Amino acid sequence: MATETREIREQYNPANTSECIGKIELHTVEETEAKIEASGKAFGEWSRMSSVARGEILHKMADLLIEHMEPLAELASKEMGKTVPEMIGEVKRGASILRYFAQEGMRAAGEVLPSVSEEKMLFTKRVPLGVVAIITPWNFPIAIPLWKIAPALVYGNTVVWKPSIEVALTGQYIADLFLKAGLPEHVLNIVQGRGSKLGTVLIKSPIVKAISFTGSNAVGQQILNEAGPLNKKIQLELGGKNAAIILADADLELAARLTIEGAMKQTGQRCTATSRVYIEASVYDEAVEKLIKYAKQIKVGETMGPLASRQQFESVMEHIARAKAQGAKCIFGGKPVAELSHGYYVEPTLFVDVTHEMDLAREEVFGPVLAIFKVADYEEAIRLANDSEFGLSASIYTANIQKAFDFIERSEVGLVQINDETGGAEPQAPFGGMKNSSTGFREQGQAAKEFFTVLKTVTINGIRYKKS
Ligand SMILES: NC(=O)c1ccc[n+]([C@@H]2O[C@H](COP(=O)([O-])OP(=O)(O)OC[C@H]3O[C@@H](n4cnc5c(N)ncnc54)[C@H](O)[C@@H]3O)[C@@H](O)[C@H]2O)c1
Ligand SMILES: O=C[C@H](O)CS(=O)(=O)O
């Protein structure tokens with residue numbers, strides 16, 4: 001049978017769409033299968049290595065990431081459009097993630113339990129799953145792969161990783177650094193290619209014991225359909241439509257600034273981006289004025305980069321057109337940036353007169369677009385904020401401690417922010433959503449071990465020494 005030949009893909013800069021920044025050879029199905037098998041063969045030795053030693057490799061990788069911060073940030077910025085300062089921040093975040101999980105290699109991997117019998121010893125022991133498939137999106141090309149790969153490796157799994165094709169060069173750079181850090185060959189195998197072609201090879205392989213996916217709900221559903229019947233452990237982190245509530249007693253300056261930051265940071269291409277804001281009627285006009293003020297301070301092309309691809313650009317512009325057609329009123333932005341037509345640049349965009357019947361109130365735009373709502377009071381605000389298929393992150397801006405604690409309880413999201421923006425996460429804290437934003441396994445922090453390991457319970461009988 002003729003062997004498939006590799007496709008060569010050119011990567012273009014979304015900030016300067018005529019600039020080819022490099023080429024990547026995409027792997028074939030056969031090569032993908034071979035990489036999965038190699039990960040399977042590497043599992044035995046890797047899982048038997050001391051977790052402390054595994055952690056040392058992650059520490060070395062963190063050092064290398066910092067050493068390569070500039071070239072890696074510049075490459076990633078040119079590949080997916082985030083500004084270089086944003087990417088520098090993401091590289092540093094990646095190093096923090098690696099160091100956090102490196103230390104996991106020195107932590108308990110089980111516990112001793114009392115037995116009913118003095119003749120017996122009872123204890124638990126965490127063991128790795130085996131080969132884990134990791135499939136990641138383009139919007140955080142460093143942080144998201146690392147917050148999956150680092151725990152997978154330190155807990156003793158081997159990994160087959162398919163980054164988004166949009167950020168293939170950045171992925172390759174990271175995989176090469178892991179080898180420089182001393183990671184044995186085939187412990188981490190990168191697969192370059194389209195998810196629709198190679199993703200399914202990973203999902204269906206009997207060697208792959210678990211899948212950790214971050215991406216769109218559409219693909220997440222496909223993965224569930226394919227992998228669900230195969231009895232694999234599945235972790236899905238999906239879309240968001242994150243709400244902020246601004247009450248009358250809020251610090252309006254802080255609330256407006258953080259709402260715009262939450263909506264527009266990284267060009268709105270964050271799953272935790274603020275895309276809806278509910279403002280109590282008595283402060284609505286003042287708050288909207290402040291939102292516009294902060295939106296005006298954004299310098300597109302300097303502090304806000306382009307959208308990541310033509311597909312993203314067309315999708316965001318289509319959402320904006322549909323919002324206008326359905327009756328929402330655009331009070332700021334709403335257009336491509338004419339003087340930056342060499343890139344996929346869109347203006348920060350604010351809409352008012354949005355209703356919950358409109359698509360803009362319900363669908364993830366994944367761009368710099370904020371829907372603004374006027375509400376009568378806190379009760380109406382939380383009802384509407386919860387009226388979403390998604391449940392990733394939500395903010396409330398208020399000075400009322402009782403309402404803040406009520407919001408913590410009643411907000412149907414996995415990430416609750418009080419007087420802070422909806423985006424951002426720290427490596428030591430569990431990350432994930434509710435409803436259609438997540439399948440429930442949390443990422444990062446101590447929660448990561450629940451997905452990347454399984455517990456054994458061990459009983460040893462006849463342990464009591466009896467003097468003869
Ligand atoms: N919840 C979170 O933590 C989180 C974080 C970042 C992004 N996201 C979501 O990701 C989306 C944007 O990222 P994207 O455009 O890369 O998402 P996407 O779903 O298009 O792609 C994600 C990954 O899945 C792969 N893929 C595509 N089709 C596949 C298939 N049939 N089988 C297996 N893999 C397949 C892609 O190649 C890519 O590597 C947004 O919806 C955003 O909300 C969620
Ligand atoms: O898109 C992914 C998340 O938004 C990343 S963050 O932790 O909120 O920055």
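In this text, all values refer to a predicted model and were calculated from it rather than measured experimentally.
In this structure, the side chains of Glu31 and Glu25 stay at 4.5 Å or more apart for every pair of heavy atoms. Arg276 places a side-chain heavy atom less than 4.5 Å from the side chain of His356.
The side chain to side chain contact (heavy atoms under 4.5 Å, CB included) with Glu237 is formed by just one residue from the set Thr439, Thr136, Thr214; it is Thr214. Just one residue in the list Phe431, Phe451, Phe452 forms a ring pair (Phe, Tyr, Trp, His ring centres under 6.0 Å) with Phe441, and that residue is Phe451. Remark: of the listed residues Leu64, Leu58, Val187, Val159, Leu58 is the sole one forming a side chain to side chain contact (heavy atoms under 4.5 Å, CB included) with Phe178.
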Output, in order, the C-alpha distance, side-chain angles, deciding distance and verdict of side chain to side chain donor-acceptor pair (under 3.5 Å) for Asn217 and Gln221. CA-CA 6 Å; Asn217 284 69; Gln221 189 56 56; over 6 Å; no
Asn436 vs Glu389, test: side chain to side chain donor-acceptor pair (under 3.5 Å). Steps then yes/no. CA-CA 6 Å; Asn436 287 350; Glu389 66 165 290; 3.0 Å; yes
Quick one: do Thr274 and Glu421 satisfy side chain to side chain donor-acceptor pair (under 3.5 Å)? Show the steps, please. CA-CA 7 Å; Thr274 307; Glu421 67 126 317; 4.9 Å; no
Is there a side chain to side chain donor-acceptor pair (under 3.5 Å) between Gln446 and Tyr100 once you walk through the steps? CA-CA 10 Å; Gln446 289 299 300; Tyr100 177 85; 2.9 Å; yes
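Atom CD of Gln311 is surrounded by 12 or fewer heavy atoms from other residues, nucleotides or ligands within 6.0 Å. Counting non-hydrogen atoms of other residues, nucleotides and ligands closer than 6.0 Å to CG of Asn225 gives a total above 12.
Taking all atoms of both residues into account, the shortest heavy-atom contact from Phe390 to Lys241 is CD1-CB, 3.6 Å.
In this structure, Lys162 is not positioned above the aromatic face of Phe213 in the sense of NZ or CZ being under 6.0 Å from the six-membered ring centre and within 45° of the axis.
For the atom pair Met264 CE and Ile298 CD1, the distance stands at 5.5 Å (nearest 0.5 Å). Taken from OG1 in Thr349 to CD1 in Ile320, the straight-line distance is 4.0 Å, to the nearest 0.5 Å. Taking OG of Ser437 as the start and CG of Asn242 as the end, the distance is 7.0 Å to the nearest 0.5 Å. Distance CD/Glu166 to CG/Asn139: 11.5 Å, rounded to 0.5 Å. In this structure, Leu75 CG and Asn13 CG are separated by 10.5 Å, a value rounded to the nearest 0.5 Å. To the nearest 0.5 Å, atoms CG (Leu370) and CD1 (Ile260) are separated by 5.5 Å.
Checked by atom type and distance alone, the side chain of Asn157 pairs as donor or acceptor with a backbone atom of Gly130 at under 3.5 Å.
Using a 30° and 60° split on the angle between ring planes, Phe101 and Tyr155 fall in the perpendicular class, above 60°. Taking the six-membered ring where tryptophan is involved, the planes of Tyr278 and Phe373 are essentially parallel, since the angle between them stays under 30° and well short of 60°. Ring geometry for Tyr344 against Phe313 counts as tilted: the plane angle lies between 30° and 60°, on a 0 to 90° scale.
Of the N and O atoms on the side chains of Gln266 and Glu86, not one donor lies less than 3.5 Å from an acceptor on the other residue.
Salt bridge present: Arg99 and Asp63 bring a charged side-chain N and a carboxylate O closer than 4.0 Å. Ion pairing between Lys232 and Glu226 fails under the 4.0 Å rule for side-chain N and carboxylate O. Between Arg194 and Glu7 there is a salt bridge, with a side-chain nitrogen of the basic residue lying less than 4.0 Å from a carboxylate oxygen of the acidic one. Ionic pairing of Lys293 and Glu289 is not present here: no N-O contact between side-chain nitrogen and carboxylate oxygen is shorter than 4.0 angstrom.
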